[in-house]
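Each remark here refers to the structure printed beneath this line.
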Amino acid sequence: MSTPHNRAEKGDFAKTVLMPGDPLRAKYIAETFLENPKLVNDVRNMLGYTGTYKGVPVSVMASGMGMPSIGIYSYELYKFYDVENIIRVGSAGAYTADVDLLDVVLASKAYSQSSYAKMQGGADSELMYPDKDLNKVIAESAKESGIKVLEAPIHSGDVFYYQDGYSKFKDINKEQGCVCVEMESYALFHNANVLSKHAACLLTISDSLVTAKETTAKERETSFNDMIRVALEAAAKLDA
């Protein structure tokens, strides 16, 4: 069985999938951290792999950028490939000087003005939440690994380039408590909710809207290892 966007057969994906945005990051994770990784999808170069981590089957697949893209890929994984857990492992821009480059954030909620949830399933809310139990496993895995993780609200935006410049982040930080911005988790959390599945989001700070510091494209591809290790340790716990 395949879909218009995924050539994998049923059973090719593990119950837990790590989902970065960048296909090259998916390739890096698979080849660096998984044992015997097998390429199971390359449609549109949205690379997906399955291997094992500490003997536990784990998959990693890219989502692309933005809510429509992760909306398609996460929905198909949940609905057609029997995936139970998706842990997004992405990059984010900091909304506060207290969050520095390469810090790791675990989303406690995703705030968005996107119409994705309303259009997809009639949900009329600007807030979407991850699975509490999955977040708990991730937080425990981070503590056991000695990796500092900040659990906090995040902003999921539909727009990267604002016509009038991005000056609203201070208001979003003040009103919603969002410490950073990305572009996918609101849709991922909604899909998990409507399909009775589980989702969480780990983010590494790649740039700052406060200090203007930023990482390079190569660093974003290969230097988010703390976040990846936490996600993999959690995945091993889920299927142990």
Any idea which heavy atoms bring Ile205 and Ala94 closest together, and the distance?
CG2-CB, 3.9 Å

Can any side-chain N or O of Glu219 pair as donor or acceptor with the backbone N or O of Thr216 at less than 3.5 Å?
yes

Heavy atoms of other groups near Lys27 NZ, more than 12 under 6.0 Å
no

Where do Cys180 and Val105 land on the side chain to side chain contact (heavy atoms under 4.5 Å, CB included) test, with the steps shown first?
CA-CA 8 Å; Cys180 61; Val105 176; 4.3 Å; yes

Heavy-atom side-chain proximity of Leu238 to Leu134 below 4.5 angstrom
yes

Taking C-beta and beyond as the side chain, do Val230 and Ile138 meet within less than 4.5 Å on heavy atoms?
yes

Can you give me the closest heavy-atom contact between Ala236 and Tyr53, atom names plus distance?
CB-CD2, 4.1 Å

Do Val159 and Phe169 sit in the same hydrophobic cluster, where Ile, Leu, Val, Met, Phe, Trp and Tyr count as joined when their side-chain heavy atoms come under 4.5 Å apart?
yes

Could you walk me through whether Lys15 and Val83 pass the side chain to side chain contact (heavy atoms under 4.5 Å, CB included) check?
CA-CA 4 Å; Lys15 293 295 183 183; Val83 169; over 6 Å; no

Residues two or more places apart in sequence or in another chain: which of them pass ring-ring contact (aromatic ring centres under 6.0 Å, His included) with His190?
Tyr116

Heavy-atom pair of closest approach, residues Ser185 and Ser156:
N-OG, 3.5 Å

Considering non-hydrogen atoms only, spot the tightest contact between Ala92 and Glu182 and give its length.
CB-CB, 4.4 Å

Compare every heavy atom of Arg88 with every heavy atom of Ile70, then report the nearest pair and how far apart it is.
CD1-CD, 4.2 Å

Measuring only between side-chain heavy atoms, which start at C-beta, is Val149 closer than 4.5 Å to Leu202?
yes

Asp158: what forms a salt bridge (charged side-chain N to carboxylate O under 4.0 Å, His left out) with it, not counting sequence neighbours?
none

Would you mind reporting whether Leu47 and Tyr49 have side-chain heavy atoms less than 4.5 Å apart?
yes

Just so I know, are the side chains of Lys118 and Ser125 near enough to count as touching, which here means a heavy-atom distance under 4.5 Å?
no

Hey, does the side chain of Asn6 reach the backbone of Thr3 with a donor-acceptor pair shorter than 3.5 angstrom?
no

With rounding to the nearest 0.5 angstrom, report the SG to NZ distance, Cys201 to Lys109.
14.5 Å

Non-hydrogen side-chain atoms of Phe189 and Asp131 separated by less than 4.5 Å:
no

Asp12 CG to Asp82 CG distance, which is reported to the nearest 0.5 Å
12.0 Å

I'd like to know if the side chain of Glu184 reaches the main chain of Gly66, judged simply by a donor and an acceptor atom lying under 3.5 Å from each other, with no hydrogens or angles considered.
yes

Taking all non-hydrogen atoms of both residues, which atom of Phe33 and which atom of Arg229 are closest, and how far apart?
CE2-CG, 4.0 Å

Kindly say whether Phe224 contributes a backbone atom to a donor-acceptor pair with the side chain of Thr204 at under 3.5 angstrom?
no

Walk me through it: do Leu127 and Gln176 pass the test side chain to side chain contact (heavy atoms under 4.5 Å, CB included)?
CA-CA 10 Å; Leu127 297 174; Gln176 298 293 333; 3.9 Å; yes

Do Tyr186 and Tyr111 have side chains that approach each other closer than 4.5 Å (heavy atoms only, starting at C-beta)?
no

Arg7 atom CZ, neighbour heavy-atom count above 12 within 6.0 Å
yes

Report all side-chain donor-acceptor pairs from residues 16-25 shorter than 3.5 Å, counting only partners two or more places apart or in another chain.
residue, atom, partner, partner atom, Å
Thr16, OG1, Asn85, ND2, 3.0
Asp22, OD1, Leu24, N, 2.9
Arg25, NE, Arg220, O, 3.0
Arg25, NH1, Val89, O, 3.4
Arg25, NH2, Arg220, O, 3.3

Counting heavy atoms not belonging to Met46, are there more than 12 under 6.0 Å from its CE?
yes

Residues 54-62, side-chain donor-acceptor partners within the protein, below 3.5 Å, at least two apart:
residue, atom, partner, partner atom, Å
Lys54, NZ, Glu233, OE1, 3.2
Lys54, NZ, Glu233, OE2, 2.7
Ser59, OG, Ala14, N, 2.8
Ser59, OG, Thr50, OG1, 2.6

Apply side chain to side chain contact (heavy atoms under 4.5 Å, CB included) to Met65 and Met183, showing your working.
CA-CA 7 Å; Met65 290 189 290; Met183 302 185 73; 5.8 Å; no

Interatomic distance, Asn191 atom CG to Ser74 atom OG [nearest 0.5 angstrom]:
4.0 Å

Please, which pairs that meet side-chain hydrogen bond (donor to acceptor under 3.5 Å, both in side chains) have at least one residue in residues 93-104, sequence neighbours excluded?
Tyr95-His155, Tyr95-Tyr166, Asp100-Lys213

Report yes or no: does Tyr81 contribute a side-chain atom to a donor-acceptor pair with the main-chain N or O of Ala8 at less than 3.5 Å?
yes

According to a hydrophobic-cluster definition based on side-chain heavy atoms being under 4.5 Å apart (Ile, Leu, Val, Met, Phe, Trp, Tyr only), do Leu102 and Ile228 belong together?
yes

For the side chain of Asn173 and the backbone of Val179, is there at least one donor-acceptor N/O pair under 3.5 Å apart?
no

With distance as the sole criterion, is a donor-acceptor pair present between the side chains of Tyr73 and Asn41 under 3.5 Å?
no

Would you compute the distance between atom CD of Glu126 and atom CG of Asp124 and round it to the nearest 0.5 angstrom?
8.5 Å

Leu106 vs Ser108 side-chain heavy atoms within contact, under 4.5 Å:
no

Residues which pass salt bridge (charged side-chain N to carboxylate O under 4.0 Å, His left out) with Glu144, listed by chain and number, not counting sequence neighbours:
Lys237

Spacing of CD1 belonging to Ile72 relative to CE belonging to Met67, to within rounding of 0.5 Å
14.0 Å

Using only atom types and a distance under 3.5 Å, with no angle test, would you say the side chain of Asn135 pairs donor to acceptor with the backbone of Ala107?
yes

Quick one: pull up CD1 in Ile147 and OG in Ser141 and give me the separation to the nearest 0.5 Å.
9.5 Å

